[in-house]
*Asks:* 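Okay, here's the structure, questions in a sec.
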Protein chains: 2
Amino acid sequence: MPNNQFKKGELYSFITGKASTAIARRLQKNFKQANVDITIEQWSVLYHLWKQDGLSQQQLCEATFRDKPSITRLVDNLEKLQLVKRVASKNDRRINMIYLTKEAQELQEQTMELANQTLNEALEGVTNGQIEIAKEVLQQVYDNLAQGNNNSSSSPL
Amino acid sequence: MPNNQFKKGELYSFITGKASTAIARRLQKNFKQANVDITIEQWSVLYHLWKQDGLSQQQLCEATFRDKPSITRLVDNLEKLQLVKRVASKNDRRINMIYLTKEAQELQEQTMELANQTLNEALEGVTNGQIEIAKEVLQQVYDNLAQGNNNSSSSPL
DNA sequence: GGCATATAGTTGTTTAAGCAACTATATAAA
DNA sequence: TTTATATAGTTGCTTAAACAACTATATGCC
């Protein structure tokens, strides 16, 4: 038990996530200024498809730490915007493979640039060493809590 | 410019806020198990009223980093649950002062205990030194981005 | 083959975020 | 006092999160 004596009230920001909210808002604002008309949540799905196109909705759930209904509706909205298309898997007809459209592929460079710019604004005055430690802490928190957290109504445990 | 050469892609979690999402989900789960039937967002409003009762909605906006419509609706829902009441200010009739009810006062001890327990689960294996640095980073990020971010449609800058 | 169970995805409902537009009150300027 | 402006809060609308309940397909076992 290395740390059950920290000042608990001060850690409130870990729960409210003010910093990540602020980053998300700023990124949304930067998208808007650049006339990129997608939400941060939609962008986060595209982000994983840019890394690897043709993921199933289930894989997108795991990648984006969202549950299945959330991904269903994000994919619904991305389809309406003609940024992705669902393709039923030949091998397993339960599975929808999600593919980027040409329009979505063209968004990658611009929006990644905006994301990097946003992170630079956010991390102004923070050293690389501090960033490394913050990342480790956030990863540890995530690992500590990420058991059976995804996928509403599926995992029985 | 101390840090424009970090590995940008890896910082994705700063935007998505996986860790704070995970903490919020776990706290909600812990509330549910203890039969505490409020949302984390409602709790975050009560949290500030426990520190100081009788805040205006505007003060709650600033304290919780939410915009005015969000606080209007959270207070609406807290009023429906009979946890707070709106009292018009005598000096300035534009202002609603928000006061805790007896029921809400009785929730403080139990839910703060659940919040501390949740933070202990989340921070298992993280040292106090690491926590301090992570807090500094998150605070700096917040400070870097928190200009005119609150209060939709009011602040012109 | 037939049945139980697991997996992939969808739909319904409630709560909340974010933004624009709005009302009402207060303050400052003329 | 009238007018302009700022502040406090509300309402409408769209998007999304969380959870439960559901459908459809696949897999394993008999």
Side-chain angles (χ1 to χ4, degrees), chain A residues 16-17 20-22 24-29 31-32 37-45 55-62 64-81 86 88-98 148-157, chain B residues 16-17 20-22 24-29 31-32 37-45 55-62 64-81 86 88-98 148-157:
Chain A
T16 54
S20 60
T21 304
R25 283 186 194 169
R26 176 61 58 91
L27 180 58
Q28 187 73 71
K29 190 174 156 189
F31 277 3
K32 195 169 191 179
D37 267 340
I38 58 175
T39 67
I40 301 312
E41 293 81 7
Q42 291 165 358
W43 176 82
S44 77
V45 172
L55 294 173
S56 71
Q57 292 188 200
Q58 184 59 45
Q59 288 172 314
L60 285 172
C61 289
E62 286 148 23
T64 65
F65 192 54
R66 290 185 169 85
D67 70 357
K68 292 190 291 174
S70 296
I71 289 297
T72 292
R73 278 145 181 158
L74 283 172
V75 172
D76 285 349
N77 285 335
L78 285 167
E79 253 190 339
K80 277 184 211 156
L81 294 169
R86 285 178 165 99
S89 166
K90 290 173 192 175
N91 307 329
D92 187 336
R93 287 166 55 201
R94 293 172 303 182
I95 295 177
N96 291 336
M97 301 300 283
I98 311 300
N149 251 345
N150 251 2
N151 300 350
S152 92
S153 86
S154 54
S155 50
L157 168 51
Chain B
T16 55
S20 60
T21 304
R25 284 185 193 169
R26 176 61 57 92
L27 180 57
Q28 186 73 71
K29 191 174 156 189
F31 277 4
K32 195 168 190 180
D37 266 341
I38 57 175
T39 67
I40 300 313
E41 293 81 7
Q42 291 165 358
W43 176 81
S44 76
V45 172
L55 294 173
S56 70
Q57 292 188 199
Q58 183 58 46
Q59 289 172 315
L60 285 172
C61 289
E62 285 148 23
T64 65
F65 192 53
R66 290 185 169 85
D67 69 358
K68 292 190 292 174
S70 295
I71 289 298
T72 292
R73 278 145 181 158
L74 283 173
V75 172
D76 285 347
N77 285 335
L78 286 167
E79 253 191 339
K80 277 183 211 157
L81 294 170
R86 285 179 166 98
S89 165
K90 290 174 193 175
N91 307 328
D92 187 334
R93 287 166 57 201
R94 293 171 302 182
I95 295 177
N96 290 337
M97 302 299 282
I98 311 300
N149 251 345
N150 251 2
N151 299 350
S152 93
S153 85
S154 55
S155 50
L157 168 52

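Naming convention: chains lettered A, B, ... in sequence-line order (proteins, then strands); numbering from 1 in each chain.
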*Asks:* Does some side-chain heavy atom of R26(B) sit less than 4.5 Å from a side-chain heavy atom of I40(B)?
*Replies:* no
*Asks:* Looking only at the side chain of T72(A) (C-beta and beyond, no hydrogens), which of the listed nucleotides dT10(C), dA17(D), dT10(D) gets closest?
*Replies:* dT10(C)
*Asks:* I'd like to check F31(B) versus Q42(B) (side-chain heavy atoms, cut-off strictly below 4.5 Å). Are they in contact?
*Replies:* no
*Asks:* By nearest atom, which of the nucleotides dA17(D), dA8(C), dA17(C) is closest to the L74(B) side chain?
*Replies:* dA17(C)
*Asks:* For Q57(B) and dT25(C), what is the distance between atoms CD and P respectively, to the nearest whole Å?
*Replies:* 15 Å
*Asks:* Between S70(A) and S56(B), just flag the one whose closest nucleotide in DNA chain D comes earlier from the 5' side.
*Replies:* S56(B)
*Asks:* With nearest nucleotide decided by heavy atoms, which residue, I40(B) or K32(A), maps closer to the 5′ end of DNA chain C?
*Replies:* I40(B)
*Asks:* Round to the nearest Å and state the distance from E62(A) atom CD to dG9(C) atom C1'.
*Replies:* 14 Å
*Asks:* Just by distance, do the side chain of Q28(A) and the backbone of I38(A) share a donor-acceptor pair under 3.5 Å?
*Replies:* yes
*Asks:* Is the phosphate of dT10(C) approached by N96(A) (side-chain N or O, under 4.0 Å from OP1 or OP2)?
*Replies:* yes
*Asks:* Look at R73(A) together with D67(A) and state whether they make a salt bridge at an N to O cut-off of under 4.0 Å.
*Replies:* no
*Asks:* Closest-nucleotide mapping onto DNA chain D: is D92(A) or E41(A) further toward the 5' terminus? I mean the 5' end.
*Replies:* E41(A)
*Asks:* So, is R86(B) close to the dT10(D) phosphate, meaning a side-chain N or O under 4.0 Å from OP1 or OP2?
*Replies:* yes
*Asks:* Measure from NZ on K68(A) to C1' on dA21(D) and round the result to the nearest Å.
*Replies:* 12 Å
*Asks:* Give the nucleotide from the list dA16(C), dT13(C), dT10(D) with an atom nearest to the side chain of N77(B).
*Replies:* dA16(C)
*Asks:* Which of these nucleotides, dT10(C), dA16(C), dT11(C), is closest to any side-chain atom of T39(B)?
*Replies:* dA16(C)
*Asks:* Could you state the atom-to-atom distance from CD of Q58(A) to C1' of dA6(C) in whole Å?
*Replies:* 12 Å
*Asks:* N91(A) CG to dA8(C) C1': how many Å, rounded?
*Replies:* 14 Å
*Asks:* Name the closest nucleotide to the R94(B) side chain, picking from dA20(D), dG18(C), dA8(D).
*Replies:* dA8(D)
*Asks:* Report the distance from atom CD1 of I38(B) to atom P of dA16(C), rounded to the nearest whole Å.
*Replies:* 10 Å
*Asks:* Between Q57(B) and I71(B) (side chain of the first, backbone of the second, donor and acceptor by atom type, cut-off under 3.5 Å), is there such a pair?
*Replies:* no
*Asks:* With sugar-phosphate meaning primed atoms plus P, OP1 and OP2, does D76(A) contact a base, only sugar-phosphate, or nothing at under 4.0 Å between heavy atoms?
*Replies:* nothing
*Asks:* Would you please test E41(B) and S70(B) for side-chain contact (heavy atoms from CB on, under 4.5 Å) and show each step?
*Replies:* CA-CA 10 Å; E41(B) 293 81 7; S70(B) 295; over 6 Å; no
*Asks:* Q42(B) has an atom CD; how far is it from atom P of dA17(C), in whole Å?
*Replies:* 10 Å
*Asks:* Counting side-chain heavy atoms from CB outward, which of dT10(C), dA8(D), dA18(D) is closest to D67(A)?
*Replies:* dA18(D)
*Asks:* Taking atom types as they are modelled, would you say the side chain of R73(B) forms a donor-acceptor pair with the base of dG18(C) within the 3.5 Å cutoff?
*Replies:* yes
*Asks:* When you measure from the side-chain N and O atoms of R93(A) to the phosphate of dA8(C), is any distance below 4.0 Å, counting only OP1 and OP2?
*Replies:* no
*Asks:* Counting heavy atoms from C-beta on, name the nucleotide in dG18(C), dA16(D), dG12(C) closest to the side chain of P69(A).
*Replies:* dG12(C)
*Asks:* R25(B) CZ to dC19(D) P: how many Å, rounded?
*Replies:* 7 Å
